[in-house]
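Comments concern the structure below.
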Amino acid sequence: MSEKIFFYEPWDENGYLCNLSPYTVFFDGLLWPTSEHCYQAQKHRDPAYREKVRSASTCQEAIALGRDENSPSYRHDDWMDVRVSLMYDIVYAKFSQHEDIRKMLLDTGDAEIAEHTQNDHFWGDGMDGSGENHLGKVLMEVRSALRAREEA
């Protein structure tokens with residue numbers, strides 16, 4: 001893997017990789033406006049609160065609601081243990097449900113994918129490679145799974 005593909009904002013060159021990009025996701029029996037809405041809602045156990053996140057008019061509003069750790073429905077007990085696997089499931093759903101971006105993801109070949117930001121060292125690369133880049137890793141795992149599915 002020598003080539004690197006960076007993304008961050010939905011309007012950037014590779015913005016389709018971003019969770020804020022305008023692609024709906026059918027997940028857990030509901031249609032979500034974006035994968036970010038869906039991910040943020042998963043931080044909460046209460047279906048009514050999840051619906052509030054799903055109905056948020058912008059990703060920024062969904063993020064603010066999702067990050068509300070003072071909400072009684074926030075998953076304090078297991079969130080850190082399940083967040084990466086939930087992200088995988090949501091990102092897989094997004095790319096498996098939209099042929100155009102599935103093809104774009106597969107066309108990245110074996111390039112390393114990185115969320116290029118210093119704002120989030122867990123999901124992003126820290127701009128200098130110091131971040132853990134879990135979102136990039138999830139995208140590469142989804143790419144491998146989609147490739148295997150197509151080859152089967």
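The analysis underlying the following values was restricted to heavy atoms, covering all of them including side chains, and did not include hydrogens, waters or symmetry mates.
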What's the spacing between D46 CG and K52 NZ if we round to 0.5 Å?
10.0 Å
Could you report the tightest heavy-atom contact between V53 and G66, atom names first, then the distance?
CG2-N, 4.4 Å
Do L146 and V138 sit in one hydrophobic cluster, given that two such residues count as connected whenever their side-chain heavy atoms are within less than 4.5 Å of each other, even indirectly?
yes
Can you confirm whether V25 sits close enough to H37 that some side-chain heavy atom of one is under 4.5 Å from a side-chain heavy atom of the other?
no
Do the side chains of R75 and V82 get nearer than 4.5 Å, heavy atoms only?
yes
Test salt bridge (charged side-chain N to carboxylate O under 4.0 Å, His left out) applied to D100 - qualifying residues, sequence neighbours left out:
none
Note, D28 side chain near R50 side chain (heavy atom, < 4.5 Å)
yes
Looking at R143 and G109, would you say the former's side chain and the latter's main chain have a donor-acceptor pair under 3.5 Å?
yes
Backbone N or O of E115 within a donor-acceptor pair of the N133 side chain at under 3.5 Å?
yes
Using 0.5 Å steps for rounding, measure from the SG atom of C59 to the CG atom of L20.
4.0 Å
CA sep, side-chain torsions, deciding dist, call: K94, I101, side chain to side chain contact (heavy atoms under 4.5 Å, CB included):
CA-CA 9 Å; K94 172 185 168 180; I101 59 173; 3.7 Å; yes
Heavy-atom check, side chain of K43 versus side chain of D68, under 4.5 Å:
no
Quick check: does any side chain N or O of T34 sit under 3.5 Å from a backbone N or O of E36, one acting as donor and the other as acceptor?
yes
Take Q97 and R102 through the test side-chain hydrogen bond (donor to acceptor under 3.5 Å, both in side chains) and record every step on the way to the result.
CA-CA 8 Å; Q97 294 167 20; R102 179 175 62 248; over 6 Å; no
For a 4.5 angstrom cut-off between non-hydrogen side-chain atoms, does I113 reach L135?
no
For the backbone of M104 and the side chain of T108, can you confirm whether one donor and one acceptor N or O come within less than 3.5 Å of each other?
no
Measure from the side-chain N and O atoms of H98 to the backbone N and O of T24, and report whether any donor-acceptor pair falls under 3.5 Å.
yes
Treat each ILVMFWY residue as a node, draw an edge where side-chain heavy atoms are under 4.5 Å apart, and state whether L139 and I5 are in one component.
yes
Go through it in stages, so that I can follow the logic: the residues are D78 and R45, the test is side chain to side chain contact (heavy atoms under 4.5 Å, CB included), and I'd like the CA-CA distance, side-chain angles, deciding distance and then a yes or no.
CA-CA 11 Å; D78 70 344; R45 295 189 187 282; 3.1 Å; yes
Test: ring-ring contact (aromatic ring centres under 6.0 Å, His included). Region: residues 45-71. Which pairs qualify, not counting sequence neighbours?
H44-Y49
Inter- and intrachain pairs under side-chain hydrogen bond (donor to acceptor under 3.5 Å, both in side chains), touching residues 81-92, at least two apart
Y92-R149
Of all pairs that satisfy ring-ring contact (aromatic ring centres under 6.0 Å, His included), the ones with a partner from residues 116-146, not counting sequence neighbours
F6-H116, Y39-W123, F122-H134
Over all heavy atoms of both residues, which pair between S21 and G15 is shortest? Give the atoms and the distance, please.
CB-O, 3.3 Å
Are any non-hydrogen side-chain atoms of Q42 and I90 less than 4.5 angstrom apart?
yes
For residues F26 and V142: do they belong to one hydrophobic cluster (side chain heavy atoms under 4.5 Å, members Ile, Leu, Val, Met, Phe, Trp, Tyr)?
no
Calculate, to the nearest 0.5 Å, the distance between atoms CD and NZ belonging to E150 and K103 respectively.
9.5 Å
Under 3.5 Å, side chain of D125 to main-chain N/O of E132, donor-acceptor pair present?
no
Go through V91 and E141 one step at a time and tell me if the side chain to side chain contact (heavy atoms under 4.5 Å, CB included) criterion holds.
CA-CA 10 Å; V91 170; E141 289 173 18; over 6 Å; no
Could you tell me which residues satisfy salt bridge (charged side-chain N to carboxylate O under 4.0 Å, His left out) with R147, sequence neighbours excluded, listed by chain and number?
D110
Does CD belonging to Q60 count more than 12 external heavy atoms closer than 6.0 Å?
yes
Heavy-atom pair with the smallest gap, counting every atom of A62 and A56
N-CB, 3.6 Å
K4 vs E112, side chain to side chain contact (heavy atoms under 4.5 Å, CB included): CA-CA, chis, key distance, verdict
CA-CA 5 Å; K4 284 191 176 186; E112 180 179 350; 3.1 Å; yes
Is the backbone of A93 close enough, under 3.5 Å, to the side chain of S96 for a donor and an acceptor to pair up by distance?
yes
Is it the case that the side chain of W32 and the backbone of F27 share a donor-acceptor pair, with hydrogens and angles ignored and the cut-off at 3.5 Å?
yes
Where the side chain of T58 meets the backbone of E61, is there a donor-acceptor pair that is under 3.5 Å apart?
yes
Should Y23 and I63 be regarded as members of a common hydrophobic cluster, given that ILVMFWY residues are connected when their side-chain heavy atoms come within less than 4.5 Å of each other, either directly or indirectly?
no
Sort and list the pairs that fulfil side-chain hydrogen bond (donor to acceptor under 3.5 Å, both in side chains) and have at least one residue in residues 5-18, not counting sequence neighbours.
Y8-N119
